[in-house]
Amino acid sequence: MDSITLIAPDTQEDITVYVLEETTLNENKYLLVTEDSEGDTEAFILKEIAEDDTDVTYEIVEDDLEFNAVVKVFEELVEDTDFEMD
């Protein structure tokens, strides 16, 4: 499982997340990530919002319509996984 390091915008703290799956929808790239590499854990959907030569910027998808559309894609891509939305 691939991992990436994110930098929290408010604290500048490094956060390692594990990429479970990625997809493109409406020309936007999305990642399904988790903070733990194994077991049942919370997952987040990140949207790529900018890219330059060395860095990529992601934000957590918070818009309900966008989130629901992307979750449907990930449900098809990731078998044997139950998605529960809070």
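If you're wondering where the values come from, they're calculated on a predicted model, not measured in any experiment.
Scanning for side-chain contact (heavy atoms from CB on, under 4.5 Å) contacts around E59 gives I49, with sequence neighbours left out. For D55, the side-chain contact (heavy atoms from CB on, under 4.5 Å) test picks out D52, with sequence neighbours left out. With sequence neighbours left out, the salt bridge (Lys or Arg N to Asp or Glu O under 4.0 Å) criterion links K29 to E22.
Here the straight-line distance linking atom CD of E35 with atom OG1 of T41 works out to 7.0 Å at 0.5 Å rounding. Separating the CG atom in L31 from the CD1 atom in I45 is a distance of 10.0 Å, to the nearest 0.5 Å. Within the model, atoms NZ of K72 and CG of L25 stand 11.5 Å from one another, a figure rounded to the nearest 0.5 Å.
No hydrogens or angles considered: nothing links the side chains of Y18 and E38 as a donor-acceptor pair under 3.5 Å.
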Name the atoms and distances for all side-chain donor-acceptor pairs under 3.5 Å in residues 9-17, with sequence neighbours left out.
| residue | atom | partner | partner atom | Å |
| --- | --- | --- | --- | --- |
| T11 | OG1 | E13 | N | 3.2 |
| Q12 | NE2 | P9 | O | 3.1 |

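In this structure, V33 and L20 have side chains that are not in contact, with every pair of non-hydrogen atoms separated by 4.5 Å or more.
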Full working for side-chain hydrogen bond (donor to acceptor under 3.5 Å, both in side chains) between E66 and Y30: CA-CA 11 Å; E66 181 180 20; Y30 296 92; 2.6 Å; yes
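Grouping Ile, Leu, Val, Met, Phe, Trp and Tyr residues whose side-chain heavy atoms lie under 4.5 Å apart, directly or via other members, leaves I7 alone, with no other cluster members. Summarising the hydrophobic clusters (Ile, Leu, Val, Met, Phe, Trp, Tyr; side-chain heavy atoms under 4.5 Å, direct or chained), the residues clustered with L65 are none.
E42 and T34 get closest at one heavy-atom pair: O-OG1, 3.0 Å. Closest non-hydrogen pair, F74 versus L32, comes out as CZ-N, 3.6 Å.
One hydrophobic cluster, built from ILVMFWY side chains closer than 4.5 Å, cannot hold both F44 and V71; they sit in different ones.
When each of V61, L6, V19 is paired with L46, the side chain to side chain contact (heavy atoms under 4.5 Å, CB included) condition holds for L6 and for no other.
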